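Each remark here refers to the structure printed beneath this line.
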Number of protein chains: 2
Amino acid sequence: MKISTKGRYGTRALLDVALRQNEGLVQLKDIAESQQISLHYLERIVALLVKKGFLTSTRGPAGGVALGRHPADIKISEVISVLEGSMAPVSCVDDPSTCSRAGFCATCDLWGEVKESMEGVLEAVTLQDLVERQQKKLESQPRINTHE
Amino acid sequence: MKISTKGRYGTRALLDVALRQNEGLVQLKDIAESQQISLHYLERIVALLVKKGFLTSTRGPAGGVALGRHPADIKISEVISVLEGSMAPVSCVDDPSTCSRAGFCATCDLWGEVKESMEGVLEAVTLQDLVERQQKKLESQPRINTHE
DNA sequence: CTATTGTTGACCTATTTAATCAAGATTATC
DNA sequence: GATAATCTTGATTAAATAGGTCAACAATAG
Ligand code: FES
Ligand code: FES
């Protein structure tokens, strides 16, 4: 029941960009450094986020990425959905036709409830919420900084 | 975010045994057949459940397994915990000391909430609940039977 | 004793994850 | 328009995990 690094790194990258919105374009190099992620791997992940419109990108010198939508309009559930796929713990939940037991399987009803519950949590939180939470954390621990 | 076959098969196996409680010992062979799981692989999974006391086993002719605890006393969260390990979507949630970002990482607080939410769902459901749900399902669809 | 049934450790294969690399496309700037 | 910085893309790969198999073994009813 783990979230892969794709989902984790991707979420952190988005948060990183959101926190630096006022600084203009953010370079992948800087995100990689502050988030301690391999640059090459981050490129791979960011490409997905760009394709789905969470980020916009600009090539060339002084290029970088920026948020493609307002952070209050980005639900974390959407991000995870793009990076991790469905949150269903078993495939029968999303597509009962793939399973011969569908329709009379009590366990999969339960897995469905688990999915709903996780989605509920992640739908209730936007990137803006994460930004605010992060800022609050940094306030109370002023020595530590996520970038630099 | 998938549950592996270990957790899924194990839960179904327990449910299968619970549904046949009155028939005495249940043989792995029969569980494997009715649940459509490879016998060898099921042995592997059942061994874990026996070790943790969810099942008791008897070897020899006419042997088999039986519930080791009353179904109303077996929370599904315990079963998943034994078969899948912690439900934490990232390891930092369970052991912040493994992560250099712990303490000032807003994303992992969120992953913690996801974990709590999943645990909440699975703690509220016992094997007995699953038995009742399953029986209800079989009632309304009398043609289909999970065993035989 | 013997047939039946669960136990265990070793082994294997396919898939997924996590990453790396290199060539390429775009663009600001001089 | 040459150059260097930056994102893009496809190929490749190493490591981990999932999923399963096998064979030898231990216990026990009859
Ligand atoms: S195992 Fe597929 S519906 Fe339950
Ligand atoms: S990444 Fe480890 S605490 Fe957030």
Side-chain angles (χ1 to χ4, degrees), chain A residues 1-14 16-17 23-33 35-68 80 82-86 89-91, chain B residues 1-14 16-17 20 23-33 35-68 80 83-86 89-91:
Chain A
M1 294 301 275
K2 293 283 179 265
I3 294 185
S4 76
T5 50
K6 230 154 65 174
R8 308 206 303 263
Y9 292 177
T11 308
R12 273 163 51 192
L14 277 179
D16 203 339
V17 174
E23 302 172 27
L25 293 182
V26 182
Q27 297 189 354
L28 297 192
K29 189 175 51 180
D30 294 339
I31 301 175
E33 193 182 334
Q35 295 295 326
Q36 305 164 70
I37 302 170
S38 138
L39 174 59
H40 283 305
Y41 192 40
L42 179 65
E43 287 169 342
R44 187 131 299 247
I45 295 166
V46 162
L48 287 170
L49 295 173
V50 169
K51 192 189 298 183
K52 294 293 178 175
F54 294 105
L55 293 173
T56 57
S57 65
T58 310
R59 293 199 259 200
V65 297
L67 286 184
I80 294 301
V82 163
L83 296 173
E84 298 279 320
S86 164
V90 302
S91 57
Chain B
M1 296 298 278
K2 292 283 180 266
I3 294 185
S4 76
T5 49
K6 234 156 58 177
R8 307 205 303 265
Y9 291 177
T11 308
R12 274 163 50 193
L14 277 179
D16 203 337
V17 174
R20 309 200 210 182
E23 302 174 27
L25 293 181
V26 183
Q27 299 191 353
L28 297 191
K29 192 174 51 180
D30 292 339
I31 302 175
E33 193 182 334
Q35 295 296 326
Q36 305 165 68
I37 303 170
S38 140
L39 174 59
H40 283 304
Y41 193 39
L42 179 65
E43 288 170 342
R44 189 127 298 244
I45 295 167
V46 163
L48 288 169
L49 296 173
V50 169
K51 192 189 298 186
K52 295 290 179 177
F54 294 107
L55 292 174
T56 57
S57 65
T58 308
R59 295 199 259 200
V65 298
L67 287 183
I80 294 303
L83 296 173
E84 298 279 319
S86 164
V90 303
S91 56

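Bear in mind that the values here come from a model prediction, so they are computed numbers and not experimental data. So that the names make sense, note that chain A is the first sequence line, chain B the second, and so on, each numbered from 1.
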Residues at least two apart in sequence or cross-chain that pass side chain to side chain donor-acceptor pair (under 3.5 Å) with B:R8, listed by chain then number, are none
Sequence neighbours excluded, the answer for side chain to side chain donor-acceptor pair (under 3.5 Å) partners of A:S4 is A:E84
Round to a whole Å and report the spacing from [atom1] of [X] to [atom2] of [N].
| X | N | atom1 | atom2 | answer |
| --- | --- | --- | --- | --- |
| B:L42 | C:dT5 | CG | P | 15 Å |
| B:M1 | C:dT17 | CE | P | 13 Å |
| A:I3 | C:dT17 | CD1 | P | 13 Å |
| B:K29 | C:dT5 | NZ | P | 4 Å |
| A:Y9 | C:dA18 | OH | P | 8 Å |
| A:Q36 | C:dA18 | CD | P | 17 Å |

The side chain to side chain contact (heavy atoms under 4.5 Å, CB included) partners of B:V65 (sequence neighbours excluded) come to B:V17, B:L28, B:I31, B:V46, B:L55, B:S57
Those residues at least two apart in sequence (or on a different chain) that pass side chain to side chain contact (heavy atoms under 4.5 Å, CB included) with B:A47 are none
Output for pair (A:L14 CG, A:L83 CG), nearest 0.5 Å, gives 7.5 Å
So NZ of A:K6 and CG of A:L48: to nearest 0.5 Å the spacing works out to 6.0 Å
Heavy-atom nearest pair, B:A66 first then B:L25, reads CB-CD2, 3.9 Å
Sorted by position of nearest nucleotide on DNA chain C, 5' first, the leading residue of B:Q27 and A:K6 is B:Q27
Side-chain N,O (B:S57) to OP1/OP2 (C:dG6) below 4.0 Å = no
Outermost contacting nts on DNA chain D, any atom under 4.0 Å from chain B heavy atoms, listed 5' then 3', are D:dG19 to D:dA29
| task | Could you tell me whether the side chain of B:R20 reaches within less than 4.5 Å of the side chain of B:D30, counting heavy atoms only? | result | yes
*Does NZ in B:K52 sit with more than 12 non-hydrogen atoms of other residues, nucleotides or ligands closer than 6.0 Å?*
no
Once base and sugar-phosphate atoms are separated, protein heavy atoms under 4.0 Å mark nucleotides 20-30 of chain C, 5' to 3', with B, S and - as BB--BBBBB--
